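Here is the structure we will look at, set down as structure tokens.
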Protein chains: 2
Amino acid sequence: MEKKYYAGHSKIFVAVDCIIFGWDDSQLKLLILKRNFEPAKGKNSLIGGFVRGNESLDEAARRILFELTGLTDIYLEQINAYGEVDRDPGERTISVAYFALLKIQNLDAELIKQHGAHWVPISSLPKLIFDHNQMVQKAIHRLRRRAKSEPTGFELLPRKFTLPQLQGLYEEIYQTSFDNRNFRRKVLYMDILKRLNEKDKSTSKKGAFYYKFDRKKYYRLLQNGFQFDI
Amino acid sequence: MEKKYYAGHSKIFVAVDCIIFGWDDSQLKLLILKRNFEPAKGKNSLIGGFVRGNESLDEAARRILFELTGLTDIYLEQINAYGEVDRDPGERTISVAYFALLKIQNLDAELIKQHGAHWVPISSLPKLIFDHNQMVQKAIHRLRRRAKSEPTGFELLPRKFTLPQLQGLYEEIYQTSFDNRNFRRKVLYMDILKRLNEKDKSTSKKGAFYYKFDRKKYYRLLQNGFQFDI
DNA sequence: CCAAAAGTGTTCAGCTTACACCCATGA
DNA sequence: TCATGGGTGTAAGCTGAACACTTTTGG
């Protein structure tokens, strides 16, 4: 039997809640579901679950995302721990919030539906249970910070994307609009995008060139003190 | 008896560890102690403790700081939760790290000593137990971010301080040196410091004017979209 | 009177911002 | 041929970085 060093101290339920962002080529969205157990059954909730005795916090978050999406290589980052005594009216539970970035295109829509999950635009979020709205606000701030200083935004885009798409994504993230000349210059000047000899003609007759993110070049530049910045 | 909603899920020990920074007018320091219980008894450790069933994470952090220092109005900010299964060789414990800023001058040195705690310069940290060094590194990054964009640095200084002192503090935080003309211009231009008609002659014959942070003015400026930046 | 720290302005480069027209093409 | 979205360059202002001398005064 395991040695008991900390007998006398309280144990507490620990959960993980995932703020899952997706981009559907025009809007930044959040994946939520109707909670299917008491308390607050049927209410809008983040996707979450309890941390098991034999898994780390990160592993718990990955497991929960895998159960929902079948995907394993998801961008994931811890936001914060929430620990108010009464935050969960069921029993005292501490929750660690994670934010995740998904390419919606990669997603099995059927699987999402089976879990009772659905996407809502971040510009019109419903009321969520407990402190989940607060978690989402923090996650949005974190996303903005990350997207500015690391090529995190590309996690939301398909492998090949156009500059108007990229700009649209950033405009959604920051809920603002950018001058396209300035935006393009800044992005291209970093020299981490490779232009393909192929155009997306789905949104215009002229067509927009596809680009892809050159991960190798990016890491090479990082070695030399390069700092991503949009 | 309380309703048991979450029976069947595992409960886990939850601890709080505090990264306590102090400034002694020449060096940025971290408060650590020799752990006085097993496992790892006698090793260098952050100041921490278990979260009780009836207190929030923030309350636990405040309690631990109060027990150590007798102070209640300490700047405190959550960093992150650490949840690797084996991070604590005693029993499985999740730890939530907090960083705190203390004016060393306000501190009862005797009280600190009674707890077996002591200050070490952040430029030469010893090996700490578990993942505590990792927590400290994150805290230093957070401190740098905060000190740049919010007047958090003043939490480390006495109520009245000189500009050379302020610059020295920032140089320690960023482990670099600044041009004094540029630094002074930038700080004074924000117009949130009030110069007192009083000089500190302890470090020079000419004497350096004391300033104090004008909190009211700062909050007034914030209302008008002002952004603190050093 | 002198050593030692406090205090003071200006210039240049680079980055950010603002701004308007031509291009390509399918319908 | 025309409507639509894609693509391009330049000038002005602002911010950050570099840089050296004067002032004060206790010892």
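A note on names: the letters A, B, ... follow the listed sequences, proteins ahead of strands, and every chain is numbered from 1. Quick caveat: nothing in here was measured; it's all calculated off a predicted structure.
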In whole Å, what is the span from the [atom1] atom of [X] to the [atom2] atom of [N]?
X: A/F183; N: C/dT17; atom1: CZ; atom2: P; answer: 13 Å
X: A/K148; N: C/dT16; atom1: NZ; atom2: C1'; answer: 10 Å
X: B/Y189; N: D/dG16; atom1: OH; atom2: P; answer: 11 Å
X: B/K201; N: D/dT23; atom1: NZ; atom2: C1'; answer: 12 Å
X: B/Y210; N: C/dG7; atom1: OH; atom2: C1'; answer: 17 Å
X: A/Q227; N: D/dG16; atom1: CD; atom2: C1'; answer: 17 Å
X: B/F178; N: D/dA18; atom1: CZ; atom2: C1'; answer: 15 Å

Please encode protein proximity along nucleotides 3-12 of chain D as a string of B, S and -, counting only heavy-atom distances under 4.0 Å. --BBBBBB--

Within a radius of less than 6.0 Å around NZ of A/K199, do more than 12 heavy atoms belonging to other residues, nucleotides or ligands occur?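 Yes, enclosed.
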
Should the pair B/R195 and B/F209 be classed as cation-pi, given the thresholds of under 6.0 Å to the six-membered ring centre and 45° from the axis?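 Pair B/R195/B/F209 counts as cation-pi.
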
If you apply the rule ring-ring contact (aromatic ring centres under 6.0 Å, His included), what do you find for A/Y82 with A/F130, and how did you get there? CA-CA 11 Å; A/Y82 291 79; A/F130 309 168; over 10 Å; no

Does this structure show an ion pair linking B/E67 with B/R63, if we count only N-O contacts that are shorter than 4.0 Å?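 A salt bridge links B/E67 with B/R63.
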
Taking NZ, NE, NH1 and NH2 as the nitrogens, is one of them in A/K160 or A/D200 under 4.0 Å from a carboxylate oxygen of the other?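 No.
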
Closest heavy-atom contact between B/A139 and B/F99?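 For B/A139 versus B/F99, the nearest heavy atoms are CB-CB, 4.0 Å.
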
